[in-house]
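So the structure is just underneath, and the comments pick up after that.
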Amino acid sequence: MEYLVKTHHGTVSVAVFGDQDKPALITYPDLALNHISCFQGLFFCPEASSLLLHNFCIYHISPPGHEFGAPPICPDGFMPSVDDLADQIVEVLNFFGLGAVMCMGVTAGAYILTLFAMKYRQRVLGLILISPLCRAPSWTEWLLNKVMSNLLYFYGMCGVVKELLLKRYFSKEVRGNVQVPESDIVQACRRLLDERQSINIWQFLEAMNGRPDLSEGLRKLHCRSLIFVGENSPFHSEALHMTSKLDRRYSALVEVQACGSMVTEEQPHAMLIPIEYFLTGYGLYRATLSVSPRSPLSPSCISPELLSPESMGLKLKPIKTRISLEV
């Protein structure tokens, strides 16, 4: 069921899946994506269904104007900052009467949820972040974003913008080349990008290009954090930097080989076992186990060692998963 939630910083679309009596998991997608194009691969896995949908009610929050059928946002109107976008989330939680929630975000969405967790610590139980950002844009990223921003503003979702976005999301293994065709997930994403309102993407991109550095505040972030990053993601170093700044007692990194930024779509199965270990500390299990999903999610039930490399099966190095590529 989809809701349009009015906030002080504009209207937000929220797609709700599951029993609203269950604990809440909120998601936030990357730039130009929504829950279909960013999380469908993960949530359509049968194993994910028995783990996530069994234990949670899912609240998919879209950035302003990123939902299907969204009208164009007036470019001369209010321009939300990343702080405004984080503040929208707490208004969404209040609208649904939610307390503390589990959070899952991809790249730009991971940044917004991290900022939300830093501003509203009592409202966050844990963070599952995929190829996250935490620093201000480098000069290279800032310049690339400006080029993409100008193209979006003046030419819309043109071919160059689509190629830049696809490189942001996916590894070259699935983007294809002269000999190898694009994979189905890339083709589907390309079609979905055609449906986006370019001015709405431009607005989110402008907010992200003006984002501040969160690094100094990460050490004080004591909710449990599980970070995934694709080995071939352009934001690989960002994820490593963020992991180094988080308290190691509460965080873990999973590096996925032969994968780009959007692990949720490109290699969703690589996420399942680490997420299962992560959620076990909250008293949550697969549907086959006789544990009630309605049991309270209390951070006090998590041992400080939950996310140590040993307890998550990471040994002393991040997990590296491989896929076999057939050419």
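Expressed to the nearest 0.5 Å, how far OG of Ser138 lies from CG of Leu144 amounts to 9.0 Å. If you take CD1 on Ile273 and CE on Met271, they are separated by 13.0 Å, rounding to the nearest 0.5 Å. Expressed to the nearest 0.5 Å, how far CD1 of Ile227 lies from CD1 of Ile130 amounts to 10.0 Å. Separating the CG atom in Leu52 from the CD1 atom in Ile275 is a distance of 5.5 Å, to the nearest 0.5 Å. A distance of 10.0 Å separates NE2 of His222 from CG of Leu246, quoted to the nearest 0.5 Å. Within the model, atoms CG of Asp247 and CZ of Arg219 stand 6.0 Å from one another, a figure rounded to the nearest 0.5 Å.
Between Phe78 and His8, the distance from one ring center to the other does not fall under 6.0 angstrom.
Without hydrogens or angle criteria, Asn209 side chain to Leu205 main chain gives no donor-acceptor distance under 3.5 Å. No side-chain donor-acceptor contact under 3.5 Å links Asp30 to the backbone of Thr107. At least one donor-acceptor pair under 3.5 Å links the side chain of Lys22 to the backbone N or O of His54. Between the Asp84 side chain and the Ser81 main chain, a donor and an acceptor come within less than 3.5 Å of each other. At distances below 3.5 Å, at least one donor-acceptor pair connects side-chain atoms of Asn200 with backbone N or O atoms of Pro71. Proximity of a side-chain donor or acceptor of His60 to a complementary backbone N or O of Ala15 within less than 3.5 Å is not detected. With Gln88 contributing its side chain and His9 its backbone, the two residues share a donor-acceptor pair below 3.5 Å. A donor-acceptor pair under 3.5 Å links the side-chain atoms of Glu238 to the main chain of Cys134, judged by distance alone. No donor-acceptor pair under 3.5 Å is formed between the side chain of His241 and the backbone N or O of Ala239. Not one N or O on the side chain of Arg135 forms a donor-acceptor pair closer than 3.5 Å with the backbone of Asp213.
Placement of Ile185 and Ile36 in two distinct hydrophobic clusters is found when ILVMFWY residues are connected by side-chain heavy-atom separations under 4.5 Å, directly or transitively. Connection of Phe154 to Ile199 is established within a shared hydrophobic cluster, with ILVMFWY side chains joined at heavy-atom distances below 4.5 Å, either directly or through further cluster members. No single ILVMFWY cluster, assembled from side-chain heavy atoms under 4.5 Å apart, contains both Ile73 and Phe204. Hydrophobic clustering (ILVMFWY, side-chain heavy atoms < 4.5 Å, transitive): Phe17 and Leu279 are in one cluster. Cluster membership for Phe278 and Phe43, using ILVMFWY side-chain heavy atoms within less than 4.5 angstrom, is shared.
Salt-bridge formation is not detected for the pair Glu163/Arg168: no Lys NZ or Arg NE/NH1/NH2 atom is positioned less than 4.0 Å from an Asp or Glu carboxylate oxygen. Between Arg196 and Glu67 there is no salt bridge, since none of the side-chain N atoms of the basic residue sits less than 4.0 Å from a carboxylate O of the acidic one. At a threshold of 4.0 Å, the pair Arg175-Glu266 does not count as salt-bridged, since none of the basic side-chain nitrogens sits closer than that to a carboxylate oxygen.
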### Query
Could you walk me through whether Ser233 and Ser261 pass the side-chain hydrogen bond (donor to acceptor under 3.5 Å, both in side chains) check?
CA-CA 5 Å; Ser233 167; Ser261 298; 2.6 Å; yes
Is there a side-chain hydrogen bond (donor to acceptor under 3.5 Å, both in side chains) between Glu255 and His236 once you walk through the steps? CA-CA 9 Å; Glu255 186 179 8; His236 182 268; 2.7 Å; yes
Run the side-chain contact (heavy atoms from CB on, under 4.5 Å) check on Met157 and Ile201 step by step: do they pass? CA-CA 9 Å; Met157 184 56 72; Ile201 301 170; 3.4 Å; yes
Working note: Asn232 + Glu173, criterion side-chain contact (heavy atoms from CB on, under 4.5 Å); need CA distance, chi angles, decisive distance, verdict.
CA-CA 10 Å; Asn232 299 326; Glu173 283 82 0; 3.4 Å; yes
Requested in this report: Under the salt bridge (charged side-chain N to carboxylate O under 4.0 Å, His left out) rule, what do Glu91 and Lys6 come out as? Steps first, then yes or no, please.
Outcome: CA-CA 8 Å; Glu91 294 192 63; Lys6 292 183 179 180; over 6 Å; no
Point to revise | ring pair (Phe, Tyr, Trp, His ring centres under 6.0 Å) evaluation trace for His35 with Tyr28 | key: CA-CA 8 Å; His35 68 278; Tyr28 209 103; over 10 Å; no
Step by step, work out the side-chain contact (heavy atoms from CB on, under 4.5 Å) result for Leu284 and Glu276.
CA-CA 8 Å; Leu284 299 176; Glu276 185 169 14; over 6 Å; no
Which is it for Tyr59 and Cys57 under the side-chain contact (heavy atoms from CB on, under 4.5 Å) test, yes or no, and what are the steps along the way? CA-CA 7 Å; Tyr59 297 79; Cys57 180; 3.7 Å; yes
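Considering all non-hydrogen atoms of both residues, Ala24 and Leu98 come closest at CB-CD1, 3.9 Å. Of all heavy-atom pairs between Tyr169 and Leu31, the closest is OH-O, 2.5 Å. The shortest non-hydrogen separation linking Pro132 to Phe228 is CD-O, 3.9 Å. Nearest heavy-atom pair across Thr264 and Pro268 is O-CB, 3.3 Å. Heavy-atom minimum distance, Met118 versus Gly217: CE-CA, 3.4 Å. Gly230 and Ser131 make their closest contact through N-OG, 3.7 Å (heavy atoms, listed as atom of the first residue, atom of the second, distance).
When side chains are defined from C-beta on, Glu265 does not count as touching Leu42, because their heavy atoms never get closer than 4.5 Å. Counting heavy atoms from C-beta outward, Val254 and Leu226 have side chains that approach closer than 4.5 Å. Side-chain atoms of Met208 and Leu133, non-hydrogen and from C-beta on, do get closer than 4.5 Å to each other. Within the 4.5 Å cutoff, the side chain of Phe68 has heavy atoms near those of the Asn34 side chain. Two residues are said to be in side-chain contact when any heavy atoms from C-beta on lie closer than 4.5 Å; Val101 and Leu125 fail this criterion. The side-chain heavy atoms of Ser225 and Tyr250, taken from C-beta on, include no pair separated by under 4.5 Å. Under the 4.5 Å side-chain criterion, counting only non-hydrogen atoms from C-beta, Lys162 is not in contact with Cys189. With contacts defined as side-chain heavy-atom distances shorter than 4.5 Å, the pair Ile112/Ile89 qualifies.
Taking the salt bridge (charged side-chain N to carboxylate O under 4.0 Å, His left out) definition, one finds that Lys119 meets it with Asp83, Asp87, sequence neighbours left out. Every residue two or more places apart in sequence or in another chain was checked for a salt bridge (charged side-chain N to carboxylate O under 4.0 Å, His left out) with Arg121, and none qualifies. Tyr3 meets the side chain to side chain contact (heavy atoms under 4.5 Å, CB included) test with Met1, Val5, Val16, Gln20, Phe95, Phe96; sequence neighbours excluded.
Ring-plane geometry between Phe116 and Tyr120 is classed as tilted, the angle between the planes lying from 30 to 60 degrees on a 0 to 90 degree scale.
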